[in-house]
Amino acid sequence: MIAVLLFILATLVVVAITDLAILAMLTIINTDPYLPPRAYYAWAGQHPEAVLWSSVTVAVLVGGASLFRIFSLAGGGGTLARSLGGTLVDTGTGDPQKRQLLNIVEEMAIASGVPVPDVYVLENEGGINAFAAGFGISDAAIVVTRGSLEVLTRDELQGVVAHEFSHVLNGDMRLNTRLVGVTFGILVIALVGRTILRGVTTRRGRVGRDAGKAVLLILLLGVALAAIGYIGVLLTRWIKAIVSRQRESLADASAVQFTRNPHGIAGALKKIAVSPLRAVISGADTEEVSHMLLAEKSSLLTQMFATHPPILERIRALEPSFDPSELDEIRLAPRVQTPPPPVEKPPTPAQEAAWLPLSVIAAIGNPGSAALGAAHQHHDNLPSALRDAAHSPTDALALVLTLILSPDPPVRERQHARIRERVRMTPENEQRMKSIEEMILRLDPALRVPLLEICFPALRHRPETQLRTLVSLVGELVAMDASLTVLDYVLARLIRIHLAEALAPQGPASITRRPKLIARTEELQTLFSVVARAGTDDGQDAAHAFDAGIHQLLPNVALRYVPIEHWVEPLDRALTRLDVLLPMVKQELIKALVTTVSRDGKLTLGESELLRLVCASLHCPVPPLLSAAEPD
């Protein structure tokens with residue numbers, strides 16, 4: 001909040017100084033140059049309309065430029081990546097370096113409980129750098145330079161990607177993307193000044209005395225605007241440094257916790273430290289995104305405005321025994337392919353039932369190495385044919401639809417008929433969908449959500465009309481299944497919320513007033529009743545689980561367990577209305593849900609994925625809670 005106020009103050013200061021410069025030029029033009037200085041002040045006082053229009057013009061210029069830049073990024077993280085020259089990595093790529101990058105990103109997304117983000121490579125950049133862009137987890141993009149792929153080992157590349165995932169999961173990415181717009185609004189003043197200077201200096205031919213005076217004044221105005229603009233940029237860099245430095249250090253620490261390998265991210269930073277030019281992205285003006293990068297070029301002049309801590313300080317925080325003389329031994333030769341590290345054995349279901357109540361909140365936006373190990377295991381256990389289908393824009397659509405089809409043959413046939421009505425499919429596509437459906441029927445239920453998460457990059461790039469059709473069709477297919485299982489509901493809602501957010505990356509307007517928890521008792525009763533019933537067929541056990549969670553959350557409110565027969569629509573409404581709660585209130589809500597789920601000491605796959613869905617709906621994603629569990 002303080003950073004936002006500082007940016008507003010900086011913008012107002014820049015606007016005021018620019019306004020004074022323009023007024024000074026207008027006053028000089030409209031007064032006799034031989035008059036005393038007080039005559040200039042008199043002219044400004046006698047022409048308040050000039051003051052008003054000058055102020056309005058400057059404010060509109062800065063504010064309009066900022067809004068234009070923010071709206072230009074409304075397409076999500078991929079828009080910013082492409083504007084810097086990023087090339088989208090084809091999910092079916094045969095390039096071994098890109099394939100390895102995709103595998104790392106997919107494993108981390110599965111471990112984090114979020115859709116796989118788009119992956120871009122800055123092909124013409126030989127430096128070592130990366131950043132994450134977007135407004136939310138559903139439109140995120142991970143951007144990596146070609147130099148990172150060429151020079152970093154797998155462990156180092158994994159550390160870099162884990163660093164960027166920390167920004168995605170902890171909300172830094174949304175703030176950073178919005179700061180791009182604010183920076184551009186101030187930078188545009190400098191651009192206007194440069195344009196004026198370019199126009200004046202390229203003017204040819206002789207001019208009269210009066211015209212010469214006008215040219216000189218315009219030239220001085222151009223110099224003033226350029227100077228004011230760049231001073232404003234330095235001011236915004238200083239504020240960005242206040243915001244960014246601590247977040248970068250936390251992202252380094254999160255990368256270590258995620259991978260349990262401090263030498264990964266530290267190794268990448270060492271290779272940057274060997275030559276600071278390795279951090280430069282040369283093919284584009286990166287002033288707007290300097291605060292988003294893994295590292296930035298450092299010099300004595302820019303250290304006080306640096307958006308990152310000194311790189312040696314970052315390395316020493318990761319490796320306390322680090323000696324700078326080690327840098328002399330590092331050679332930046334292209335890396336040799338190395339096999340993936342051994343996978344840490346994930347905890348058993350019995351272990352996790354005890355682990356769950358203490359660790360779910362800590363895991364929000366902060367998955368550990370055990371989750372990464374489980375994700376690696378899930379990724380390897382997926383049949384290669386289904387992984388290929390998830391990476392194909394055509395097959396991904398069929399795969400998503402088959403994931404939510406009912407196991408009841410009559411219902412399934414009606415759903416197939418509805419799909420044929422809504423989606424144009426060639427006989428070849430129908431046959432392909434049938435083949436995918438047969439593989440899905442044999443798939444371990446625990447792998448269905450990870451498979452869905454891998455599908456999202458291929459789906460996002462389909463035409464907008466097709467995505468809207470898919471979102472509505474998923475809702476229709478769910479409504480046709482009266483005996484919908486918890487896992488099928490989880491899959492269907494994940495599809496709808498992530499695709500809906502990908503279609504509108506910036507989301508709804510900011511909420512100025514957050515409701516209190518006590519104002520959402522009806523929604524809480526619905527949510528806790530459904531979650532309590534998901535783990536047992538015994539009504540009395542469900543009531544006890546309900547009471548345990550509700551009493552922890554609202555000890556002074558009398559709510560009773562109510563079995564809900566048709567629970568899909570009420571639960572949809574409840575999750576939507578609970579998403580507007582304050583983040584700290586959401587954490588307390590999730591703690592209480594964990595108490596409800598874990599009361600019987602067991603955790604089924606349905607309970608695990610339903611709890612993860614609730615967290616995703618509240619925009620508090622958690623990693624998979626079970627590596628294996630008994631199906632519902």
Side-chain angles (χ1 to χ4, degrees), residues 382-383 385-386 389-390 395-425 427 429-453 455 459 469-499 526 529-539 542 563-575 604-614 617 626 628-632:
L382 283 169
L386 285 179
D395 289 345
L397 177 62
L399 193 153
V400 164
L401 292 173
T402 56
L403 276 172
I404 61 171
L405 293 180
S406 171
D408 185 10
V411 176
R412 199 178 191 91
E413 186 54 41
R414 291 198 301 273
Q415 289 174 327
H416 273 296
R418 181 61 57 86
I419 292 172
R420 287 192 291 270
E421 290 175 7
R422 299 292 305 277
V423 180
R424 293 182 179 178
M425 302 181 69
N429 288 340
E430 287 191 13
Q431 184 60 37
R432 179 63 180 155
M433 184 172 179
K434 184 176 180 182
S435 173
I436 291 173
E437 187 175 341
E438 291 171 355
M439 289 187 283
I440 293 294
L441 289 172
R442 299 191 298 269
L443 184 68
D444 180 353
L447 298 177
R448 294 172 73 187
V449 171
L451 180 61
L452 175 63
E453 289 168 339
C455 283
L459 288 176
T469 298
L470 177 59
V471 171
S472 65
L473 178 57
V474 168
E476 293 174 17
L477 297 179
V478 168
M480 295 172 70
D481 188 0
S483 58
L484 189 73
T485 66
V486 168
L487 186 54
D488 287 333
Y489 171 76
V490 168
L491 291 164
R493 181 165 174 86
L494 283 174
I495 293 167
R496 284 181 289 157
I497 62 175
H498 289 315
L499 288 184
T526 298
S529 293
V530 173
V531 170
R533 189 58 186 267
T536 179
D537 292 327
D538 188 300
I564 305 174
E565 184 176 356
H566 303 290
W567 51 271
V568 173
E569 289 187 10
L571 183 56
D572 271 340
R573 288 194 300 271
L575 290 175
T604 66
L605 178 61
E607 287 179 302
S608 167
E609 297 297 18
L610 180 58
L611 182 58
R612 286 218 299 151
L613 169 68
V614 173
S617 297
L626 286 180
E630 56 183 282
D632 290 332

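Computed from a predicted model, the values in this text were never measured in an experiment.
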Would you find a donor on one side and an acceptor on the other, under 3.5 Å apart, between the side chain of [X] and the backbone of [Y]?
| X | Y | value |
| --- | --- | --- |
| Q415 | L477 | yes |
| S529 | T526 | no |
| S617 | L613 | yes |
| E609 | G606 | no |
| S472 | T469 | yes |

Return the [atom1] to [atom2] distance between [X] and [Y], rounded to the nearest 0.5 Å.
| X | Y | atom1 | atom2 | value |
| --- | --- | --- | --- | --- |
| L399 | L451 | CG | CG | 4.5 Å |
| L452 | I404 | CG | CD1 | 9.5 Å |
| E569 | I564 | CD | CD1 | 12.5 Å |

**Verdict with reasoning, D572 to Y489, per side-chain hydrogen bond (donor to acceptor under 3.5 Å, both in side chains)** = CA-CA 10 Å; D572 271 340; Y489 171 76; 2.8 Å; yes
Within the 4.5 Å heavy-atom criterion, are [X] and [Y] side-chain neighbours or not?
| X | Y | value |
| --- | --- | --- |
| P445 | L487 | yes |
| R424 | N429 | no |
| I419 | M433 | yes |
| L575 | R493 | yes |
| P563 | R533 | yes |
| L470 | L499 | yes |
| H416 | L405 | yes |
| D481 | D408 | no |

What heavy-atom pair brings [X] and [Y] nearest, and what distance separates the two atoms?
| X | Y | answer |
| --- | --- | --- |
| A542 | T536 | N-CG2, 3.7 Å |
| T402 | I440 | OG1-CG1, 3.7 Å |
| R432 | A389 | NH2-CB, 4.1 Å |
| L443 | P383 | CD1-CD, 3.8 Å |
| L610 | A534 | CD2-CB, 3.8 Å |
| A398 | I436 | CB-CD1, 4.2 Å |

**Request:** Output yes when R448 and D488 qualify as a salt bridge under the 4.0 Å nitrogen-oxygen rule, no when they do not.
**Result:**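 Between D488 and R448 there is a salt bridge, with a charged N closer than 4.0 Å to a carboxylate O.
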**Request:** Please determine if E437 and R412 form a salt bridge, counting it only when a charged side-chain N lies under 4.0 Å from a carboxylate O.
**Result:**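 Yes.
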**Request:** List for me each residue that meets salt bridge (charged side-chain N to carboxylate O under 4.0 Å, His left out) alongside R573, sequence neighbours excluded, and say none if there are none.
**Result:**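 Partners of R573 under the salt bridge (charged side-chain N to carboxylate O under 4.0 Å, His left out) test: none.
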**Item:** Residue pair R420, E413: steps toward the salt bridge (Lys or Arg N to Asp or Glu O under 4.0 Å) verdict
**Value:** CA-CA 11 Å; R420 287 192 291 270; E413 186 54 41; 3.6 Å; yes
**Item:** Results of side chain to side chain donor-acceptor pair (under 3.5 Å) for E476 - residues two or more places apart only
**Value:**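 For E476 the side chain to side chain donor-acceptor pair (under 3.5 Å) partners, ignoring immediate neighbours, are R418, R422.
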